[in-house]
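Being a predicted model, the structure only gives us computed values, none of them experimental. Note: hydrogens, waters and symmetry copies are ignored here, and every other heavy atom, side chains too, is used.
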Amino acid sequence: MGEQQRLARALLDRQARTYAEEAGIHLADRPGPLYQLLVLATLLSTRIRAQVAVAAARELFAAGWRTPRAMRAASWQERVDALGRGHYRRYDERTATMLGTGAELCLDRWHGDLRRMHREAAGQPDRLRPLLTEFPGVGPTGADIFLREVQAVWPDVRPYADRRSLAGAKRLGLPADPRRLAELVGAAEFGRFASALVRVALGAESADEIRHAAGVT
């Protein structure tokens with residue numbers, strides 16, 4: 001195993017879960033989990049700590065709003081209160097509105113099933129991105145988050161590494177190219193690997209400690 005592969009393996013050993021998994025999303029190519037990932041991407045798009053966004057997503061899902069129909073049926077105040085329980089307070093009112101509007105769009109445009117969006121875009125990230133950014137609160141960063149995580153169940157999106165994943169790779173001295181990064185891990189692991197690289201970029205994971213664990217100086 002080469003040095004770069006050892007670094008990739010050490011990072012995966014330390015970071016076992018994606019952001020979707022942390023939010024309690026059992027990601028699968030089904031309408032419910034895909035919508036939940038869209039909600040998480042919306043929450044992660046704001047300038048707020050990732051752990052706060054994850055906690056807020058868990059509160060929304062615990063309230064039973066795991067589908068666009070359920071999210072739309074919730075009152076604005078109920079959504080605000082759930083976000084507050086997750087300490088997502090700085091953007092809670094605006095985000096509560098965006099979640100309601102986004103749920104409406106998901107139902108009207110895609111009949112509550114984002115697999116329809118996937119089919120319309122033929123699984124091509126460059127075509128999926130503008131469709132994702134039509135959802136309120138999901139700008140380019142949110143689209144990147146969604147695509148980075150969804151590649152675990154949409155293989156035709158792989159290998160997808162956004163700018164934060166590539167920034168984390170650079171900190172570790174790994175290739176700043178998605179296809180070269182994909183050579184370091186198994187195909188099914190790449191989504192988790194890209195998510196773990198984001199944690200390096202954000203400083204949630206120490207590049208020096210990963211190098212030490214990999215035996216790389």
Side-chain angles (χ1 to χ4, degrees), residues 15 17-28 30-114 117 128-150 152-153 162-165 191-192 194-196 198-199 201-205:
Q15 291 292 338
R17 296 195 297 173
T18 65
Y19 286 103
E21 289 168 334
E22 282 196 16
I25 300 170
H26 301 291
L27 195 56
R30 299 196 306 270
L34 293 172
Y35 172 70
Q36 292 156 32
L37 179 58
L38 180 68
V39 169
L40 178 62
T42 303
L43 297 175
L44 284 166
S45 294
T46 57
R47 294 182 179 180
I48 201 162
R49 289 189 300 113
Q51 292 309 308
V52 172
V54 166
R58 294 183 70 91
E59 289 293 339
L60 291 166
F61 302 149
W65 309 325
R66 291 180 169 270
T67 67
R69 198 170 301 279
M71 186 69 77
R72 182 179 65 177
S75 72
W76 176 83
Q77 189 60 56
E78 285 174 328
R79 292 194 293 267
V80 168
D81 292 344
L83 292 168
R85 291 193 296 273
H87 304 288
Y88 198 93
R89 296 194 177 95
R90 184 176 177 187
Y91 303 99
D92 54 354
E93 295 186 355
R94 185 180 67 172
T95 301
T97 299
M98 291 191 300
L99 289 171
T101 305
E104 191 75 44
L105 175 60
C106 186
L107 289 165
D108 290 348
R109 176 78 184 272
W110 306 112
H111 303 281
D113 188 350
L114 294 177
M117 179 183 69
L128 282 163
R129 192 177 290 106
L131 296 175
L132 286 163
T133 56
E134 290 180 9
F135 287 95
V138 181
T141 296
D144 278 341
I145 292 166
F146 184 94
L147 293 169
R148 187 183 72 222
E149 299 267 330
V150 83
V153 294
D162 61 0
R163 61 181 180 81
R164 284 181 174 171
S165 296
R192 186 159 61 93
S195 180
V198 171
R199 299 173 196 273
L202 297 178
E205 181 61 85

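Contact detail for G142 and S45: the closest heavy-atom pair is CA-OG, 3.0 Å. When all heavy atoms are compared, the tightest approach of A56 to L83 is CB-CD2, 4.0 Å. Closest heavy-atom contact between P68 and G112: CG-CA, 3.9 Å. In terms of heavy atoms, G102 sits closest to P136 at N-CG, 3.7 Å. Here the shortest heavy-atom pairing between Y19 and R199 reads OH-CG, 3.4 Å. A96 and V80 get closest at one heavy-atom pair: CB-CG2, 3.5 Å.
Considering only heavy atoms from C-beta on, F135 stays 4.5 Å or farther from M98 through its side chain. Side-chain contact between C106 and L114 is present, with heavy atoms from C-beta onward closer than 4.5 Å. A heavy-atom distance below 4.5 Å is found between the side chains of E134 and L131. Side-chain contact between V150 and L128 is absent, with no heavy-atom pair separated by less than 4.5 Å.
Atom-to-atom distance recorded for R85:CZ and E59:CD is 5.0 Å, nearest 0.5 angstrom. Atom OH of Y35 sits about 4.0 Å away from atom CE of M71, to the nearest 0.5 Å. We find the CG-CD1 distance between L38 and I145 to be 11.0 Å, quoted to the nearest 0.5 Å. The distance from the CD atom of E22 to the OG1 atom of T18 is 7.5 Å, given to the nearest 0.5 Å. Distance CG/L132 to CE/M117: 4.0 Å, rounded to 0.5 Å. Here I25 contributes atom CD1 and R58 contributes atom CZ; the two are 9.5 Å apart, rounded to the nearest 0.5 Å.
Within the cation-pi definition used here (under 6.0 Å to the ring centroid, within 45° of the axis), R47 does not qualify as a partner of Y91.
A donor-acceptor pair is defined here as one N or O able to donate and one able to accept, closer than 3.5 Å; such a pair exists between the side chain of E149 and the backbone of A20. No donor-acceptor pair closer than 3.5 Å links the side chain of W65 to the backbone N or O of A73. Between the side chain of Y88 and the main chain of L43, a donor-acceptor pair closer than 3.5 Å is present. At least one donor-acceptor pair under 3.5 Å links the side chain of Q36 to the backbone N or O of R66. Checking side-chain atoms of R79 against main-chain N and O of A74 turns up a donor-acceptor pair under 3.5 Å.
Heavy atoms of other residues, nucleotides or ligands lying less than 6.0 angstrom from CZ of R90 number 12 at most.
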Assess the residue pair D162 and S165 against the criterion (side chain to side chain donor-acceptor pair (under 3.5 Å)); give the C-alpha distance rounded to whole Å, side-chain angles, the decisive distance to 0.1 Å, and a yes or no. CA-CA 5 Å; D162 61 0; S165 296; 2.8 Å; yes
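At a threshold of 4.0 Å, the pair R129-D144 counts as salt-bridged, since one of the basic side-chain nitrogens sits closer than that to a carboxylate oxygen.
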